[in-house]
*Asks:* 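Dropping the structure in here first, questions after.
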Amino acid sequence: MVEIRLTNTRTRRKEVFTPIDPANVRMYVCGPTVYDRAHIGNARPVVVFDTLFRLLRHVYGADHVTYVRNFTDVDDKINAEAQRRRAAGRPGTLEELIRERTEETIAWYHADMDALGALRPTMEPRATEYIGAMIAMISDLIGKGHAYAADGHVLFRVRSYRDYGALSGRSVDDMIAGARVEVAPFKEDPMDFVLWKPSDADLPGWDSPWGRGRPGWHIECSAMSHELLGATFDIHGGGIDLQFPHHENEIAQSCCAHPEAGFARVWMHNEMLQVEGKKMSKSLGNFFTVRDLLDQGYPGEVIRMVYLGTHYSKPMDWTAEKAAQAEATLRKWRGLVADAKAAPEPSPSVIEALSDDLNTAGAIAALHALAGAGDAAGLKASAALLGLLEDGMGDWVRELEILEWLVEGEDARPVIEMTIEKIAKARSEKDYSTADSLKSALAEAGVTLSFDRDGGVTYKRAKKLDLSKLEGLQ
RNA sequence: GGCGGGUUGGCGGAGAGGUUACGCAGCGGAUUGCAAAUCCGUGAAGACCGGUUCGAUUCCGGUACCCGCCUCCA
């Protein structure tokens with residue numbers, strides 16, 4: 001059995017991973033709030049934990065890993081969008097408009113993450129489908145003295161949980177000292193957080209013992225992980241920004257509701273993503289969704305490769321330069337494995353790298369070694385463990401067939417193909433000056449040609465074509 | 001202010017207390033009408049200051065700078 005080592009945020013140490021039940025390894029990852037397209041930062045944990053999922057499936061068997069990733073479909077940003085639509089005259093009740101928004105966002109999310117080669121998790125529960133479980137858990141917490149109802153809200157009594165702050169290394173007193181939060185008058189303690197809050201007529205709500213309302217953010221993950229994975233499970237993942245308060249609060253809720261269980265054994269957090277060295281933000285103009293990148297012509301496989309190039313525990317910088325390098329490498333590898341049949345097993349070197357705290361950069365280095373040795377079968381089988389070089393994701397290599405050739409409504413392809421034929425003819429007649437001038441005109445128009453030794457021609461299309469550059473050529 | 005992460009060769013980016021990371025770019029060569037691609041070879045590093053050690057880029061402490069969280073943003 002391969003020994004997997006993972007850095008556990010909870011203990012701040014790299015530990016040997018030992019599943020509670022090797023026949024059912026259980027992992028929960030915090031998923032998206034479905035109010036809009038996923039940005040490229042949202043995609044990092046998806047790729048990271050997808051890779052871990054693949055490794056676990058390889059080691060314990062595909063049928064012995066349960067991966068749960070939730071959709072948060074109760075949220076003020078979703079409500080705001082639905083209210084905006086209603087104000088704009090869209091038909092339907094608020095609940096219907098909310099459902100409409102979350103449905104379309106989930107469909108986008110699936111399409112975008114599929115494009116990155118991420119396997120669908122075993123289960124993708126929605127918060128709204130587990131309201132009953134949340135209410136039951138909240139009632140239980142009240143009964144055990146860990147929560148209290150006040151002014152239509154239910155709050156978690158942070159002081160009732162000794163170990164609060166253990167995950168993120170904070171003490172309650174320090175946090176209060178440095179807190180910038182406004183303290184609601186109904187809180188017993190400034191750090192107490194909301195389990196349930198009241199909804200007015202303009203907000204979605206569910207009936208509860210505390211009146212019509214909606215759940216706080218943190219309780220959904222505690223309730224759903226308990227329902228689907230049990231009171232104790234193996235791995236809980238998410239972005240480092242969730243470490244506090246979200247995960248801290250999850251731990252408090254779950255451990256107080258089920259004090260006999262340990263909740264998640266291993267906590268894993270991926271570091272944040274930056275763009276060209278800066279924090280991604282709308283105001284800086286460097287904010288991209290995954291769909292933006294796909295639309296710009298970056299293949300999903302290339303995006304994935306860029307992500308895997310940096311260890312998950314370090315900040316990752318998205319740059320055009322990295323994408324270009326990743327594309328060149330994948331292009332080379334795709335050429336190598338084009339006619340290869342995958343080996344029955346991935347290379348031990350790749351498994352070893354991934355087993356060492358998901359060292360994806362090391363795994364890629366191992367893939368380079370396989371490629372350098374000409375081991376196409378081994379490369380193909382090993383890359384699959386990283387979600388790379390898989391069948392069905394490589395169409396981007398043959399841009400000619402798949403890209404659209406419309407320029408301002410006209411099909412550019414006949415003009416370009418005719419020009420290419422002229423170049424080929426000129427070359428065969430050794431009229432190199434004509435060939436070169438046509439070639440450079442074509443390059444300016446947006447199509448770069450290269451010739452094989454055996455006379456074949458391959459060409460690469462730029463994102464934007466400008467056919468005016470071809471005018472006036474014979 | 002509190003907590004946490006980072007700083008490696010021109011660029012990206014890993015591991016290991018002492019032996020080549022790896023990739024890209026560069027340089028030299030093969031191939032090519034010229035290129036591209038491909039192949040072979042090759043130089044180059046670990047923010048700063050101390051400490052531990054026979055020996056540290058790798059461990060410990062400090063300084064500087066960068067980043068994140070503490071505001072339901074992965």
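In what follows, chains carry the letters A, B, and so on, assigned in the order in which the sequence lines appear, proteins first and then strands, with residues in each chain numbered from 1. Fair warning: this is a prediction, and the values are worked out from it, not measured in the lab.
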*Asks:* Between the base of B:rG4 and the side chain of A:R12, is there a donor and acceptor pair under 3.5 angstrom?
*Replies:*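 For A:R12, whose side chain was compared with the base of B:rG4, there is no donor-acceptor pair (under 3.5 Å).
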
*Asks:* With heavy atoms under 4.0 Å as the rule, sort A:Q274 into base, sugar-phosphate or nothing.
*Replies:*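 Sugar-phosphate contact only.
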
*Asks:* Quick one: on RNA chain B, does A:G309 or A:A435 contact a more 5' nucleotide (nearest heavy atom)?
*Replies:*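 Closest to the 5' end, via its nearest nucleotide, is A:G309.
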
*Asks:* What integer number of Å spans the C1' atoms of B:rG18 and B:rU52?
*Replies:*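 Taking atom C1' in both B:rG18 and B:rU52, they lie 16 Å apart.
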
*Asks:* Would you call A:D317 and A:K322 a salt bridge, taking side-chain N to carboxylate O under 4.0 Å as the test?
*Replies:*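 Judged by the 4.0 Å cut-off on N to carboxylate O distance, A:D317 and A:K322 do not form a salt bridge.
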
*Asks:* Does the base of B:rG15 carry an N or O that pairs as donor and acceptor with the side chain of A:D357 under 3.5 Å?
*Replies:*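 A donor-acceptor contact between them is absent.
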
*Asks:* Looking only at side-chain N and O atoms, does A:T329 come under 4.0 Å of OP1 or OP2 in B:rG23?
*Replies:*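 Negative; the distance criterion is not met.
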
*Asks:* Any sub-3.5 Å donor-acceptor pair from A:D75's side-chain atoms to A:V34's backbone N or O?
*Replies:*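 A pair under 3.5 Å: no.
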
*Asks:* Taking 4.0 angstrom as the limit, do A:R334 and A:E301 come out as a salt bridge?
*Replies:*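 Looking at A:E301 together with A:R334, the answer is yes, because their closest N to O distance falls below 4.0 Å.
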
*Asks:* Considering Watson-Crick and G-U wobble pairs with both distances under 3.5 Å, what does B:rG10 pair with?
*Replies:*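 Paired with B:rG10, as far as the under-3.5 Å criterion goes, is B:rC24.
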
*Asks:* Quick one: do A:D114 and A:R120 make a salt bridge, cutoff under 4.0 Å?
*Replies:*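 Yes, charged N to carboxylate O under 4.0 Å.
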
*Asks:* Could you encode protein contacts along nucleotides 16-21 of chain B as a string, one character per nucleotide from 5' to 3', using B for base contact, S for sugar-phosphate-only contact and - for no contact, with a heavy-atom cut-off of under 4.0 Å?
*Replies:* -----B

*Asks:* Does B:rU58 have a Watson-Crick or wobble mate here (both distances under 3.5 Å), and if so which one?
*Replies:*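 No nucleotide pairs with B:rU58.
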
*Asks:* Distance check, C1' atoms only: B:rC11 and B:rA74, in whole angstrom units.
*Replies:*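 Taking atom C1' in both B:rC11 and B:rA74, they lie 27 Å apart.
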
*Asks:* Check A:R5 with A:D356, please: is the shortest side-chain N to carboxylate O separation under 4.0 Å?
*Replies:*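 Yes, A:D356 and A:R5 are salt-bridged.
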
*Asks:* If we call it a pair only when both distances are under 3.5 Å in a Watson-Crick or G-U wobble match, what pairs with B:rG68?
*Replies:*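 B:rC3 - that is the nucleotide pairing with B:rG68, both distances being under 3.5 Å.
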
*Asks:* Both distances below 3.5 Å, Watson-Crick or wobble geometry, any strand: find the nucleotide opposite B:rU38.
*Replies:*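 B:rU38 is paired with B:rA30.
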
*Asks:* Give a yes/no on whether any side-chain N or O of A:K77 is located under 4.0 angstrom from OP1 or OP2 of B:rC73.
*Replies:*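 For A:K77, the contact criterion (side-chain N or O under 4.0 Å from OP1 or OP2 of B:rC73) is met.
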
*Asks:* Suppose you measure atom P in B:rA35 against the same atom in B:rC27; what distance do you get, rounded to whole Å?
*Replies:*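 B:rA35 and B:rC27 have their P atoms separated by 13 Å.
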
*Asks:* Is the shortest side-chain N to carboxylate O distance from A:D36 to A:R101 below 4.0 Å?
*Replies:*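 Salt bridge present between A:D36 and A:R101.
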
*Asks:* Taking 4.0 Å as the cut-off, does a side-chain nitrogen or oxygen of A:K322 come that near to OP1 or OP2 on B:rG13?
*Replies:*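 Checking B:rG13 against A:K322, a side-chain N or O does come within under 4.0 Å of OP1 or OP2.
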
*Asks:* Charged N to carboxylate O below 4.0 Å: is that the case for A:K77 and A:E81?
*Replies:*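 Answer for the salt bridge query: no.
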
